[in-house]
Amino acid sequence: MKSHRKELWFEVPRRRGFINITPEVEAALDESGVQEGLCLVNAMHITASVFINDDESGLHQDYERFLEGIAPHEPVSQYKHNLTGEDNGDAHIKRQLMGRDVVVAVTDGRLDFGPWEQIFYGEFDGRRRKRVLVKIIGE
Amino acid sequence: MKSHRKELWFEVPRRRGFINITPEVEAALDESGVQEGLCLVNAMHITASVFINDDESGLHQDYERFLEGIAPHEPVSQYKHNLTGEDNGDAHIKRQLMGRDVVVAVTDGRLDFGPWEQIFYGEFDGRRRKRVLVKIIGE
Amino acid sequence: MKSHRKELWFEVPRRRGFINITPEVEAALDESGVQEGLCLVNAMHITASVFINDDESGLHQDYERFLEGIAPHEPVSQYKHNLTGEDNGDAHIKRQLMGRDVVVAVTDGRLDFGPWEQIFYGEFDGRRRKRVLVKIIGE
C-alpha cells in the first residue's frame, strides 16, 4: 500500500471566499503514484470547509447569501463563542453546513469525478494563512 | 489491496426524491470480494446527495419540507446561478446540506451498519439519468 | 494492509449534548498499529452525528441554539416522522446538518490534525446507550 501526504496553504484576502483547489489536489495525486485508492481532502482549520460543487461565480454568491442569511456574521454578540474574544462564531456554523472534508475515489491514477465536480476550499474566517490536508492511500 | 469500482444509474421522475440504494451498494461489495476495508459512495452530480438515514416515508417528507423551507425552488430568480439559464440554484444548496458522500466500513465482507442505517440517493434536480459512484478498497 | 474496528458506547443523560471522543479514537488508533492510513469515525445511529470542531462550551451552546432555531424539537406534531410514535423527527434533521461521519488521515501513527481539530459525538436523541464505529485501515 502506498500513502502520500501533502499540505496546501491558502490565504483568502477577505473574511470569506471560495477557491478551486482541484489542480493542487491533482498534482498531489500525480506525486503519489497511486493508481487505485482513496483521496481524502480536509480543512485543517475549524472555520473552513472543503467541499465539491460547481465552479460558477453566481453559485458561489448564492452560497454566500444563503450562509449569511442562516448564520450572519453580525452582530457578533449573538454567538457565545465570541465571548472568548473571537469574532468567528458564525464561521464555525457555516463550516459545519458546508462540510469539513471530501473523499474522492482514485481510478487509473485520476480523481474519479462526475462531469462538473470540482474541489473547493471554503473560507469563512480568512485574512490569514490556513491549510488543507491531502492524504492519498492505495496502490 | 483490492479495489472495485461501480457506477449506479438512477432516473427520478420528479424534480426531487429519495431512493434507497443499499441493495445496489451491497451487490457492489459482494462483487468486490473485499472483506475488510472502506466503501465510498458519492453522488457524481452536484445537485444530488448520498446520505445515510432511515427508510421511513414520513421522515423523507420532513426532509423535503425542511429543505424547501430553507432553500425554496421558487422564485428561481432569487438564485444568481439561475442567470446561467439553469433553474437548479436551490438544488446546489440542498445537496450541500444533505451531503455529497458517505464512507462505510466493510467488516467481514458486509457493510458495517448500525441498526437503522440505510444509504439513500437524494435527488434535487431530477427527470434525467444521473450517477452514483461506489469505490471499495481493502482486502 | 491492516484493519482495526472498535465500537465506542455513549449515553448522554439529556436529549442533546456533545462529547469530545478524541481520546477514545486515539486509543483505537494505538491499538490498531496503523502508521499510515485512514480512520473513519461514524455514528451508528441516525439521530446522532460525528463531527470535528472546537472543544469550546460557548460554541456548543451556539450549535444548540442554531439547530433548535432551524429544526425545533417542539411541537413534535410538525414532523410527519413522529406519526410513527417517535418524537425525534427534529433529531434526524439536526444530525443531517452536522454530519454522520468524519475521515481523518493517519500519519506516523497519529491522527493528522490541524491545531484545534477535535472529534465530537453529537447526540440529538439521547437518554439511552448508543454507538460510534471507528474503522482504521492502512499499514
Side-chain angles (χ1 to χ4, degrees), chain A residues 1-7 9 32 37-51 67 69-72 76-86 88-104 125 128-139, chain C residues 1-3 18 34-42 49-71 93-120 122 135-139:
Chain A
M1 200 198 78
K2 288 178 181 170
S3 72
H4 185 64
R5 176 193 196 275
K6 189 171 190 179
E7 290 183 4
W9 288 83
S32 75
L38 296 177
C39 176
L40 168 69
V41 189
N42 69 266
M44 298 187 79
H45 299 258
I46 52 188
T47 51
S49 287
V50 169
F51 66 95
L67 293 167
I70 204 169
V76 297
S77 61
Q78 74 191 292
Y79 300 104
K80 289 202 190 301
H81 179 59
N82 292 341
L83 294 173
T84 62
E86 300 274 3
N88 61 9
D90 64 308
H92 289 272
I93 293 176
K94 287 168 170 129
R95 120 61 174 262
Q96 219 47 49
L97 295 175
M98 293 297 280
R100 166 191 178 261
D101 59 57
V102 296
V103 179
V104 182
D125 185 30
R128 53 194 170 105
R129 296 187 74 225
K130 292 166 77 172
R131 283 179 291 168
V132 164
L133 179 63
V134 182
K135 183 89 182 190
I136 302 161
I137 71 168
E139 279 190 346
Chain C
M1 200 198 78
K2 288 178 181 171
S3 73
F18 300 116
V34 170
Q35 294 293 305
E36 298 293 326
L38 295 177
C39 175
L40 168 70
V41 189
N42 69 265
S49 287
V50 169
F51 66 95
I52 287 178
N53 218 293
D54 196 1
D55 197 351
E56 199 279 301
S57 64
L59 176 64
H60 298 175
Q61 292 174 63
D62 292 336
Y63 282 144
E64 161 69 14
R65 189 175 66 95
F66 173 78
L67 293 168
E68 263 296 283
I70 204 169
I93 293 175
K94 288 169 169 129
R95 120 62 175 260
Q96 220 48 48
L97 296 175
M98 293 297 280
R100 165 192 178 260
D101 59 58
V102 296
V103 179
V104 182
V106 177
T107 302
D108 292 333
R110 308 290 292 269
L111 297 174
D112 197 337
F113 272 153
W116 298 100
E117 289 189 283
Q118 295 282 293
I119 307 175
F120 286 87
K135 184 89 181 190
I136 302 161
I137 71 167
E139 278 189 347

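Order of the sequence lines fixes the chain letters, A, B, ..., with proteins taken first and strands second; residue numbering starts at 1 for each chain.
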- Message: Just so I understand: if I count every heavy-atom pair under 4.5 Å between each of C/Asp54, C/Ile52, C/Leu97 and chain A, which residue has the most?
- Response: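 Top option by heavy-atom pairs under 4.5 Å: C/Ile52.
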- Salt-bridged, A/Lys2 to C/Glu36, with N to O below 4.0 Å?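 C/Glu36 and A/Lys2: not salt-bridged.
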- Message: Taking the basic N atoms (NZ, or NE/NH1/NH2) and the acidic carboxylate oxygens, is any pair closer than 4.0 Å for A/Lys80 and C/Glu56?
- Response: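 A salt bridge is absent here (no side-chain N lies under 4.0 Å from a carboxylate O).
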- Query: If you count heavy-atom pairs under 4.5 Å with chain C, which of A/His45, A/Arg131, A/Arg95, A/Lys130 comes out on top?
  - Reply: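 Option with the greatest count: A/Arg95.
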For [X], is it the side chain, the backbone, both or neither that has a heavy atom under 4.5 Å from a heavy atom of chain C?
X: A/Thr84; value: side chain
X: A/Leu83; value: neither
X: A/Gln78; value: both
X: A/Ile70; value: both

Where is the tightest heavy-atom contact between [X] and [Y], given as atom of each residue plus distance?
X: A/Leu40; Y: C/Ala105; answer: CD2-N, 3.5 Å
X: A/Arg100; Y: C/Val103; answer: NH1-O, 2.9 Å
X: C/Tyr63; Y: A/His92; answer: OH-O, 2.9 Å

Roughly how far, to the nearest 0.5 Å, is the [atom2] atom of [Y] from the [atom1] atom of [X]?
X: A/Ile46; Y: C/Phe113; atom1: CD1; atom2: CZ; value: 11.0 Å
X: C/Leu67; Y: A/Ile93; atom1: CG; atom2: CD1; value: 8.0 Å
X: C/Asp62; Y: A/Asn82; atom1: CG; atom2: CG; value: 7.0 Å
X: A/Tyr79; Y: C/Gln61; atom1: OH; atom2: CD; value: 14.5 Å

- Task: Without swapping roles, check the side chain of A/Lys135 against the backbone of C/Leu38 for a donor-acceptor pair under 3.5 Å.
- Result: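 No, because the side chain of A/Lys135 does not come within donor-acceptor range (under 3.5 Å) of the backbone of C/Leu38.
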- Test side-chain contact (heavy atoms from CB on, under 4.5 Å) on A/Met44 and C/Asp112 and set out the steps. CA-CA 9 Å; A/Met44 298 187 79; C/Asp112 197 337; 4.1 Å; yes
- Beyond-backbone contact of A/Asn42 with C/Glu117, side-chain heavy atoms, under 4.5 angstrom: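 Touching, per the 4.5 Å side-chain cut-off.
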- Taking it one step at a time, do C/Phe51 and A/Gln96 satisfy side-chain contact (heavy atoms from CB on, under 4.5 Å)? CA-CA 8 Å; C/Phe51 66 95; A/Gln96 219 47 49; 3.3 Å; yes
- Task: Tell me, for C/Val106 versus chain A, whether the close heavy atoms (under 4.5 Å) come from the side chain, the backbone, both or neither.
- Result: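 Contact with chain A: backbone only.
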